[in-house]
Engineer: 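For reference, the structure I am asking about is given below.
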Amino acid sequence: MKDGRLPREGDFITIKSYKHDGSLHRTWRDTMVLKTSENAIIGLNDHTLVTEDDGRRWVTREPAIVYFHRKYWFNIIAMIRNNGVSYYCNLASPFVLDKEALKYIDYDLDVKVFPDGEKRLLDTDEYELHKEQWQYPSDIDFIVKEHVKILVDWINTQEGPFSQAYVDLWFRRYQEIKRRDDR
């Protein structure tokens, strides 16, 4: 993002997740922006460098469409794999965007959706531990738990990123941009 403007299609941004205490949790470098609107950003990671809070580094294995929203307390990663699309959904604060990165607070709870539609709520122990350790306010606890319900409803109704048509559309758009930029 340059000159305070919103990133445009084809721009690359950094994504940073933090914990409730303000500590940096994880950083993704060079996420390609596919769409920016008033409330949402859609991007794609493909062999993207990820740095953990302890300094470990790794590279994403497959293309993944990422969805962030300014009003919902979750973000969604649709991983495009040979056996179908898997989803990893972080319960997290709505994103903010500044000159440095797209940023959000990760609230530990995750929902994983497998290609066959099976859903799993993950990291409930970590959520309870951090809720006590960092004294999550009761309104944050309520919002996070309500947004788990909203997220599961989206999954069940195949809304937004959980639709195959959505995944196909944005992955095709990524391939078009990449071909254009490779010329």
Side-chain angles (χ1 to χ4, degrees), residues 1-20 22 24-46 48-50 60 63-80 85-113 136-137 139-181:
M1 186 173 69
K2 298 175 184 76
D3 306 324
R5 68 169 172 81
L6 289 175
R8 291 190 288 238
E9 178 185 273
D11 286 351
F12 288 89
I13 61 171
T14 297
I15 298 171
K16 292 188 172 195
S17 73
Y18 294 85
K19 288 300 186 177
H20 185 79
L24 182 62
H25 174 55
R26 186 172 290 136
T27 303
W28 291 260
R29 290 266 325 268
D30 298 329
T31 296
M32 181 190 281
V33 173
L34 301 177
K35 180 178 169 108
T36 305
S37 69
E38 182 181 334
N39 288 315
I41 290 185
I42 301 168
L44 193 128
N45 289 326
D46 190 5
T48 300
L49 177 64
V50 180
T60 60
I65 298 166
V66 295
Y67 173 85
F68 295 90
H69 202 279
R70 289 191 195 272
K71 295 185 179 174
Y72 293 108
W73 284 66
F74 51 78
N75 56 65
I76 302 165
I77 303 162
M79 297 166 288
I80 303 166
V85 179
S86 294
Y87 294 90
Y88 202 88
C89 312
N90 298 294
L91 275 295
S93 69
F95 78 91
V96 295
L97 187 65
D98 64 21
K99 290 181 181 182
E100 181 188 19
L102 180 151
K103 300 174 180 177
Y104 65 90
I105 299 170
D106 182 307
Y107 279 102
D108 312 311
L109 289 175
D110 303 301
V111 176
K112 186 167 184 179
V113 184
Y136 294 170
D139 59 337
I140 297 271
D141 183 51
F142 176 79
I143 290 167
V144 168
K145 290 176 179 171
E146 286 300 303
H147 281 254
V148 168
K149 296 174 191 173
I150 294 167
L151 180 61
V152 169
D153 186 53
W154 281 29
I155 295 165
N156 290 339
T157 60
Q158 298 182 345
E159 187 170 328
F162 299 102
S163 149
Q164 187 62 49
Y166 175 100
V167 172
D168 293 344
L169 170 78
W170 292 111
F171 188 61
R172 242 187 347 267
R173 188 66 193 131
Y174 162 70
Q175 291 172 316
E176 290 167 3
I177 296 166
K178 194 168 185 275
R179 271 194 304 275
R180 179 190 73 202
D181 291 350

Engineer: Give the C-alpha distance, both sets of side-chain angles, the deciding distance and a yes or no for side-chain contact (heavy atoms from CB on, under 4.5 Å) between V33 and R8.
Structural biologist: CA-CA 7 Å; V33 173; R8 291 190 288 238; over 6 Å; no

Engineer: Which residues pass the salt bridge (Lys or Arg N to Asp or Glu O under 4.0 Å) test with R179, sequence neighbours left out?
Structural biologist: none

Engineer: To the nearest 0.5 Å, what is the distance between CD1 on I105 and CD1 on I140?
Structural biologist: 7.0 Å

Engineer: For the atom pair CG (L44) and CD (Q175), what is the distance rounded to the nearest 0.5 Å?
Structural biologist: 9.0 Å

Engineer: Can you tell me how far OH of Y104 sits from OG of S17, rounded to the nearest 0.5 angstrom?
Structural biologist: 4.0 Å

Engineer: So, using side chain to side chain contact (heavy atoms under 4.5 Å, CB included) as the criterion, who are the partners of K178 when residues are at least two apart?
Structural biologist: Y174, D182

Engineer: Give, for atom CG of L34 and atom CZ of R172, the distance between the pair rounded to the nearest 0.5 Å.
Structural biologist: 12.5 Å

Engineer: Please report, to 0.1 Å, the donor-acceptor pairs under 3.5 Å made by any side chain of residues 164-171, with sequence neighbours excluded.
Structural biologist:
{"unit_1": "Q164", "atom_1": "NE2", "unit_2": "D168", "atom_2": "OD1", "d": "2.8"}

Engineer: Quick one: closest heavy-atom pair of V144 and L91, and the distance?
Structural biologist: O-CD1, 3.8 Å

Engineer: Just so I know, are the side chains of W154 and V111 near enough to count as touching, which here means a heavy-atom distance under 4.5 Å?
Structural biologist: no

Engineer: Report the residues that fulfil ring pair (Phe, Tyr, Trp, His ring centres under 6.0 Å) with F162, sequence neighbours left out, ordered by chain and then residue number.
Structural biologist: Y87

Engineer: Mind listing the closest non-hydrogen atom pair of A40 and F95 along with its distance?
Structural biologist: CA-CE2, 4.3 Å

Engineer: Under the side-chain contact (heavy atoms from CB on, under 4.5 Å) rule, what do D141 and K145 come out as? Steps first, then yes or no, please.
Structural biologist: CA-CA 6 Å; D141 183 51; K145 290 176 179 171; 3.1 Å; yes

Engineer: How would you list, by chain and number, every residue that makes a side chain to side chain contact (heavy atoms under 4.5 Å, CB included) with V96, sequence neighbours excluded?
Structural biologist: K103

Engineer: Give the minimum heavy-atom separation between S163 and Q158, together with the two atoms involved.
Structural biologist: CB-O, 3.4 Å

Engineer: Roughly how far, to the nearest 0.5 Å, is NZ of K149 from CG of L151?
Structural biologist: 13.0 Å

Engineer: Just to verify, which of K19, H20, R26 counts as forming a side-chain hydrogen bond (donor to acceptor under 3.5 Å, both in side chains) with D106?
Structural biologist: K19

Engineer: Does a sphere of radius 6.0 Å around CZ in R29 hold more than 12 heavy atoms from other residues, nucleotides or ligands, not counting ones at 6.0 Å or beyond?
Structural biologist: no

Engineer: Does some side-chain heavy atom of E9 sit less than 4.5 Å from a side-chain heavy atom of R173?
Structural biologist: yes

Engineer: Can you tell me how far apart CZ (F68) and CD1 (I76) are? Round to the nearest 0.5 Å.
Structural biologist: 10.0 Å

Engineer: Less than 4.5 Å apart, any side-chain heavy atom of I65 and any of I80?
Structural biologist: yes

Engineer: Dump the intermediate steps for side-chain contact (heavy atoms from CB on, under 4.5 Å) on M32 and F12, then the final yes or no.
Structural biologist: CA-CA 4 Å; M32 181 190 281; F12 288 89; 3.7 Å; yes

Engineer: Is there a side-chain contact between P7 and L102, using heavy atoms and a 4.5 Å cut-off?
Structural biologist: no

Engineer: So does T31 get a backbone contact from the side chain of T48, meaning a donor-acceptor N/O pair under 3.5 Å?
Structural biologist: no

Engineer: Is there any side chain to side chain donor-acceptor pair (under 3.5 Å) pair reaching into residues 69-78, and which pairs are they, with sequence neighbours excluded?
Structural biologist: N75-N90

